[in-house]
Chemist: 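A single structure is presented below for examination.
Below, each value reflects all heavy atoms present in this structure, side chains not excepted, and no hydrogens, waters or symmetry copies. Since we're looking at a predicted model, the values are computed, not measured.
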2 protein chains.
Amino acid sequence: MPNVTRATKPAPGLPPCLPPFLPFTDRPERGGAAIPGRPSRHLRGSEIYAEGSAIRQLYRVVSGAVRVCRMLPDGRRFIAQFALPGEVFGLDGVEEHRFSAEAVTEAVLIAFARRDLEACLDREPLAAQSWQAYTLEKLAAAQDRFILLGCRSATERVAHFLLDLAARARPGREGLALPMSRYDMADYLGLTAETVSRTLTLLRKAGMIAIEDNHRLHLLDTGRLMQAAEPGRAAA
Amino acid sequence: MPNVTRATKPAPGLPPCLPPFLPFTDRPERGGAAIPGRPSRHLRGSEIYAEGSAIRQLYRVVSGAVRVCRMLPDGRRFIAQFALPGEVFGLDGVEEHRFSAEAVTEAVLIAFARRDLEACLDREPLAAQSWQAYTLEKLAAAQDRFILLGCRSATERVAHFLLDLAARARPGREGLALPMSRYDMADYLGLTAETVSRTLTLLRKAGMIAIEDNHRLHLLDTGRLMQAAEPGRAAA
DNA sequence: GGCTCCCGCTGATCCGCGTCAGGGCGCGCC
DNA sequence: GGCGCGCCCTGACGCGGATCAGCGGGAGCC
């Protein structure tokens, strides 16, 4: 794949506006400057970077999905983030990666050099502002996340996760894609795979979702799902 | 930045290097520019800012302690952060506060205008770099936090909390100050006050801590405490 | 085809922590 | 002093989710 900075020819599956933007913005409509990117392809399950390695690049997902995770000393695994098409990952520490990243499915990424980003931030005041807003948003999301993990039931967590995925999904095929396994979902939500499975069955029996197959489902009643995700809040 | 290294007149109770620093750095040794600050005093339990209000200032704690929290729709409360002397809080959203802040004890703060910070970041490349590292660190801390909340037992959470407090405490009086109530600790750790109380008793009976009174205790065996905080990890 | 392996689902059991209840202590107020 | 209230501790009990176990289906490989 030739370089992507001039978006004369958009990569397959990406909106034409994407490549010349700041690599960190998940939402390209915000604007930004050109940073050269290098595409790469990763097999399902392969490691993209290791915990403890130096942070030299960040990545935007073109297709596929990526999990950012850490093995805990007791052998458990915790997933900090799923990166979906259009989203960015890789800045999970100051100097060194504090997590590892692995391809959940076969994935195509675009890698950006960190120093190019930093040079761009120094050069472009607008980019720096955008960066600032981006990090604040990420922090806010992290805070919401630990409210979820701190005091929510299994049903609330799973419902919340599905709604979140649906909100982030690119408009595309009918239904909601779940690229990751039940184990991945469990390690992301602080549950076990058994509980995730049981909860999905529960939501299905309650008529809120329909399960097409292991990696695709349909949200039938988002109103009740939202209520399941946050009891005490009015449904939209 | 005629700057930080020369600190002419320290505020009472603060290390001499503190006031003229970038307000956001928890660690002033990192350097930064002078931003004017305005001191204020808050009674125990009083609100410093409300959820949903515009973010116009950020705050550094001079003395006392502050909790940054949110009421959940189901009536529960969640505490996102305790700010101790020398630490900074108030940037908990992009435009609006997504949490409220309350004084845990009587507290003296220094407030900084957000626009002064932003002007400083635009003006001083060094300050902007420092800001960037600061936000990345905060993000990293948030990620560690949701690992803690996602898959840790009550004992691990409490032990971790005590060690964290000890690491952040200013060298001062003998023993470890716990300015907050058991309820505050519970809402921070995603537990109940009963469980916090029971767990402290457990650690005391195991000889890892000694409880002087409700708001002060002593860490007797940090090695075993660390092991209790992260099983499977060698004690230091 | 037949085997193995991984993944997902479901049932039975266990246990940690939430919940409920009661009692003690310190502090402020009448 | 006496009282009420907030905070803390402790015990009894129940529930939700982890754990353990078993089963079925699909993919890859021989």
Chemist: Is there a side-chain polar atom (N or O) of B:Thr195 under 4.0 Å from OP1 or OP2 of C:dG18?
Modeler: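 Answer yes for this pair, as a side-chain N or O of B:Thr195 is under 4.0 Å from OP1 or OP2.
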Chemist: Test of understanding: with side-chain contact (heavy atoms from CB on, under 4.5 Å), list the residues that count as partners of B:Arg38, not counting sequence neighbours.
Modeler: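 Only B:Gln57, B:Ala111 meet the side-chain contact (heavy atoms from CB on, under 4.5 Å) criterion with B:Arg38.
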Chemist: Under the rule for ring-ring contact (aromatic ring centres under 6.0 Å, His included), what residues qualify as partners of A:His97, not counting sequence neighbours?
Modeler: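 Scan of A:His97 (ring-ring contact (aromatic ring centres under 6.0 Å, His included), adjacent residues dropped) gives A:Tyr49.
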Chemist: Rounding to an integer number of Å, can you tell me how far A:Leu149 CG sits from C:dC17 C1'?
Modeler: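 Going from CG in A:Leu149 over to C1' in C:dC17 covers 17 Å.
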Chemist: Please round to 10 degrees the angle between the axis of the first five pairs and the axis of the last five pairs in the helix from C:dG1-D:dC30 to C:dC30-D:dG1.
Modeler: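 Both end axes considered, the difference amounts to 30°.
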Chemist: To the nearest Å, how far apart are A:Glu156 CD and C:dG18 P?
Modeler: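 It is 14 Å, rounded to the nearest whole Å.
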Chemist: Nearest-nucleotide wise, let me know which of A:Gly190 and B:Arg44 is further upstream toward the 5' end of DNA chain D.
Modeler: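 The answer here is B:Arg44.
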Chemist: If you draw a 6.0 Å radius around CZ in A:Arg56, do more than 12 non-hydrogen atoms from other residues or ligands fall strictly inside?
Modeler: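 Counting other residues, nucleotides and ligands, CZ of A:Arg56 stays at 12 neighbours or fewer.
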Chemist: Keeping to residues at least two apart or across chains, list the side-chain hydrogen bond (donor to acceptor under 3.5 Å, both in side chains) pairs with something in residues 100-109 of chain B.
Modeler: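 Counting only pairs at least two positions apart or across chains, the side-chain hydrogen bond (donor to acceptor under 3.5 Å, both in side chains) contacts touching residues 100-109 of chain B are B:Arg41-B:Glu106, B:Arg67-B:Glu102.
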Chemist: Between A:Arg152 and B:His215, name the one whose nearest nucleotide on DNA chain D is closer to the 5' end.
Modeler: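 Here B:His215 is the residue nearer the 5' end.
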Chemist: Does A:Ser53 have any side-chain hydrogen bond (donor to acceptor under 3.5 Å, both in side chains) partners at least two apart in sequence or in another chain, and if so, which?
Modeler: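 Expected list: none.
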Chemist: Taking CG from A:Asp184 and C1' from C:dC6, how many angstroms apart are they, rounded to a whole number?
Modeler: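 Result: 13 Å.
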Chemist: Just the endpoints, please: which first and last nucleotides of DNA chain D, 5' to 3', lie under 4.0 Å from a heavy atom of chain A?
Modeler: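 Using the under 4.0 Å cut-off, the span is D:dG17 to D:dC20.
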Chemist: When the distance from CG of B:Leu43 to P of C:dG28 is rounded to whole Å, what number comes out?
Modeler: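 Checked: the CG to P distance equals 14 Å.
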Chemist: For B:Glu212, which residues count as a side-chain contact (heavy atoms from CB on, under 4.5 Å) partner, sequence neighbours excluded?
Modeler: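 Partners of B:Glu212 by the side-chain contact (heavy atoms from CB on, under 4.5 Å) criterion, ordered by chain and then number, come out as B:Arg173, B:Arg216, B:His218.
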Chemist: Give every pair of a protein N or O atom and an N or O atom of nucleotides 11-15 of chain C that lie under 3.5 Å apart, one pair per line with the distance.
Modeler:
| residue | atom | partner | partner atom | Å |
| --- | --- | --- | --- | --- |
| C:dG11 | N7 | A:Arg198 | NH1 | 2.9 |
| C:dG11 | O6 | A:Arg198 | NH2 | 3.3 |

Chemist: Should we say atom CZ of B:Arg44 is surrounded by more than 12 heavy atoms from elsewhere, each under 6.0 Å from it?
Modeler: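 Atom CZ in B:Arg44 is not crowded, with 12 or fewer foreign heavy atoms closer than 6.0 Å.
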Chemist: If I take atom OH in residue A:Tyr183 and atom P in nucleotide C:dC9, what distance separates them, rounded to the nearest angstrom?
Modeler: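 Interatomic distance, OH of A:Tyr183 to P of C:dC9: 10 Å.
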Chemist: Would you mind listing every salt bridge (Lys or Arg N to Asp or Glu O under 4.0 Å) that reaches into residues 91-101 of chain A, with sequence neighbours excluded?
Modeler: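 The answer is A:Arg98-B:Asp144.
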Chemist: So B:Ser181, base contact, sugar-phosphate only, or nothing? Heavy-atom distance under 4.0 Å.
Modeler: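 Sugar-phosphate contact only.
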Chemist: Output all residues satisfying side-chain contact (heavy atoms from CB on, under 4.5 Å) with B:His160, sequence neighbours left out; order by chain, then residue number.
Modeler: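 In terms of side-chain contact (heavy atoms from CB on, under 4.5 Å), with neighbours along the sequence ignored, B:His160 is linked to B:Leu148, B:Ala229.
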Chemist: Applying ring-ring contact (aromatic ring centres under 6.0 Å, His included), can you list everything that pairs with B:Phe146, at least two apart in sequence or on another chain?
Modeler: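 In terms of ring-ring contact (aromatic ring centres under 6.0 Å, His included), with neighbours along the sequence ignored, B:Phe146 is linked to no residue.
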Chemist: Who pairs with A:Ala141 by side-chain contact (heavy atoms from CB on, under 4.5 Å), at least two apart in sequence or on another chain?
Modeler: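 None.
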Chemist: Under 4.0 Å, heavy atoms only, any strand: does A:Leu191 hit a base, just the sugar-phosphate, or nothing?
Modeler: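 Sugar-phosphate contact only.
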Chemist: Give A:Gly45 one of three labels, base, sugar-phosphate or nothing, depending on what nucleic acid heavy atoms sit under 4.0 Å from its own.
Modeler: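 Nothing: the residue A:Gly45, judged by heavy atoms under 4.0 Å, touches no strand.
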